[in-house]
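Let me begin by presenting the structure, written as structure tokens, before commenting on it.
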Amino acid sequence: MLILGIETSCDETAAAVVADGRVVLSSVVATQFELHAQYGGVVPEIAARRHLENILPVIQGALDQANISLNDLDGIAVTQRPGLIGALIIGMAAAKALSFTLQKPLVGVHHLQAHIMAAFLLETVPAFPFVALVVSGGHTNLYRVNGATEMALLGRSRDDAAGEAFDKVAKLMALGYPGGVRIEALAQDGNASTYNLPRPRVHGEPLTFSFSGLKTAVAGRLKQHPEILTDAGARCDLAAGFQAAVVDSLTSRAWLAMEQEDCSRLVVCGGVAANSRLRQVLQAHARSAGLDLFLPPPSLCTDNAAMVAALGYRLLMAGERLDLTGDVFSRG
Ligand code: KG4
Ligand code: ZN
């Protein structure tokens, strides 16, 4: 079964062709970051307009890369929620038009569930149940996943998401947008213990994340010591210290959730899972503790449409369909 996945929830226009929910035949991602960089973040109206320009060439690119034509498709999957409404509408309109003209089934998918499904594009896939840590720009959620769309929320951030914290701290450090990769690059040359930054906890809620206190701590250091911004070494140390605090917060709760759920399988996904320091810490601990870690490659952690097709395949097989009146939703 060949499924075309379409993803336009934020600032990446993406399309992919996936066979049987497992094999990625193509994955095309047109990023818009250079367009939003001058504003320091995603501007929804600009994102929607760029999606409109990109969507058809990106879909054609995915078909070409997979070496198939529209008629070879067996179904279409599109991100339906959560995301920027104006952005989601473009992907949905394209998906509906294709479904209608080709008379192929259409299904809408949840962006966060799709991130988790990226683990099913790995050579070895996780068995249910497993614990999933979804770390994206808008969400930091821990789930117990019992089936493709059966998941129980175990914990989430009470304030900023991890990706959001990366982006905000990058802004404070005048690193520009997008923040995650820039902090990662600086942190590579930094000493994480120069600045002792907090790992905020929420009393009585061990699986709840909180990142705004960490961001405030970075802002405080910069206010006290503005010279950090012009000292290359100090900048690297601060980036490394911040990154280490985020990685600690994420991994400590992931291990705790696995213990609590008595589950030895962990999926980590979403844009922040592309972070190489986080990946190193996860891999080292999983190896030493004998845990099964499922970590999609960076290109399948950041927004892409292969994950959308992977989930769409499972939903279509389960008989789910979206008709032409199907709407998009900003919330999950
Ligand atoms: O999943 P994603 O691509 O889009 C959303 O669904 O939000 O995640 C984007 C987030 C952004 O906040 C970005 O700064 C962060 O992922 N990110 C990273 C890295 N690459 C992307 N954060 C840390 N290190 C990275 N290498
Ligand atoms: Zn995402």
Side-chain angles (χ1 to χ4, degrees), residues 5-14 16 27 29-33 36-37 40-42 44 47 51 78-84 87-88 91 109-119 132-141 156-157 160-173 175-188 190 192 209 211 214-215 239-251 267-282 295-308 310-311 330-332:
I6 298 176
E7 155 65 41
T8 62
S9 66
C10 189
D11 61 344
E12 326 274 5
T13 318
S27 180
V29 180
T31 179
Q32 308 181 356
F33 69 81
H36 302 282
V42 178
H51 282 308
V78 62
T79 303
Q80 189 178 15
R81 63 181 355 138
L84 303 170
L88 287 166
V109 312
H110 190 290
H111 183 81
L112 299 181
Q113 290 176 356
H115 268 302
I116 295 172
M117 275 302 129
L133 172 62
V134 185
V135 268
S136 69
H139 299 84
T140 304
N141 293 355
R156 61 185 193 137
S157 176
D160 294 346
E164 194 178 353
F166 267 100
D167 295 335
K168 287 181 174 170
V169 166
K171 211 168 180 176
L172 287 172
M173 294 179 68
L175 298 176
Y177 171 86
V181 279
R182 301 200 179 183
I183 296 217
E184 177 181 334
L186 272 191
Q188 232 136 36
F209 300 91
F211 293 105
L214 173 58
K215 176 195 64 192
F242 165 74
Q243 181 177 263
V246 175
V247 169
D248 261 6
S249 301
L250 294 175
T251 52
V267 168
V268 184
C269 56
V272 180
N275 182 273
S276 56
R277 181 68 195 144
L278 175 61
R279 298 174 76 85
Q280 281 162 9
V281 172
L282 288 168
L295 194 53
S299 61
L300 293 176
C301 286
T302 50
D303 283 350
N304 67 88
M307 65 186 197
V308 173
L311 175 55
S330 61
R331 292 185 157 267

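The structure displayed is predicted, hence computed values, not measured ones. Counting starts at 1 for both ligands and their atoms, in listed order.
Atom OG1 of Thr31 is separated from atom NE2 of His36 by 8.0 Å, given to the nearest 0.5 angstrom. Note that OH of Tyr177 is 14.5 Å distant from CZ of Phe166, once rounded to the nearest 0.5 Å. Atom CG in Asp303 sits 5.0 Å away from atom OG in Ser9 (nearest 0.5 Å). With values rounded to the nearest 0.5 angstrom, Asn141 atom CG is found 7.5 Å from Ser136 atom OG.
Counting only heavy atoms of the protein, atom 15 (C) of ligand 1 lies nearest to Val272 CG2, 3.9 Å. Ranking protein heavy atoms by distance to atom 14 (O) of ligand 1, first place goes to Asp167 OD1, 2.7 Å. Of all protein heavy atoms, the one lying nearest to atom 25 (C) of ligand 1 is Glu184 OE1, 3.6 Å. Of all protein heavy atoms, the one closest to atom 6 (O) of ligand 1 is His111 NE2, 3.1 Å. If you check which protein heavy atom lies closest to atom 9 (C) of ligand 1, you get Gly137 N, 3.7 Å. In this structure, atom 22 (N) of ligand 1 lies nearest to the protein heavy atom Gly180 CA, 3.4 Å. For atom 2 (P) of ligand 1, the closest heavy atom belonging to the protein is Asp303 OD1, 3.4 Å. Of the protein's non-hydrogen atoms, the one nearest atom 17 (N) of ligand 1 is Gly271 O, 3.6 Å.
Every heavy atom of His139 sits 4.0 Å or more from the atoms of ligand 1. Residue contacts with ligand 1 do not include Arg277, since none of its heavy atoms lies under 4.0 Å from the ligand.
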Inset, instruction - Apply side chain to side chain donor-acceptor pair (under 3.5 Å) to Gln243 and Asn275, showing your working. - result: CA-CA 9 Å; Gln243 181 177 263; Asn275 182 273; 3.0 Å; yes
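Looking at ligand 1, you won't find any N or O of Pro178 less than 3.5 Å from one of its N or O atoms.
Between the side chain of Asn304 and the backbone N or O of Met307, at least one donor-acceptor pair lies under 3.5 Å. For the pair Arg182 (side chain) and Leu175 (backbone), a donor-acceptor distance under 3.5 Å is present.
Which parts of ligand 1 touch Thr302 is read off a 4.0 Å heavy-atom cut-off, strictly below it: atoms 3 (O). Remark: ligand 1 atoms within the under-4.0 Å shell around heavy atoms of His115 are 1 (O), 6 (O). Within ligand 1, the atoms closer than 4.0 Å to a non-hydrogen atom of Gly138 are 7 (O), numbered from 1 in the order shown. Those atoms of ligand 1 that come under 4.0 Å of a heavy atom in Gly163, given as number and element, are 12 (O).
Under 2.8 Å from the Zn ion (ligand 2) lies no N/O/S atom of Cys10, from backbone or side chain alike.
Between the side chains of Ser276 and Glu184, at least one donor-acceptor pair of N or O atoms lies under 3.5 Å. With no hydrogens or angles considered, no side-chain donor-acceptor pair links Asp11 and His51 at under 3.5 Å. Checked by atom type, the side-chain pair His111/Glu7 shows a donor-acceptor distance below 3.5 Å.
The N, O or S atom of Asp303 with the smallest distance to the Zn ion (ligand 2) is OD1.
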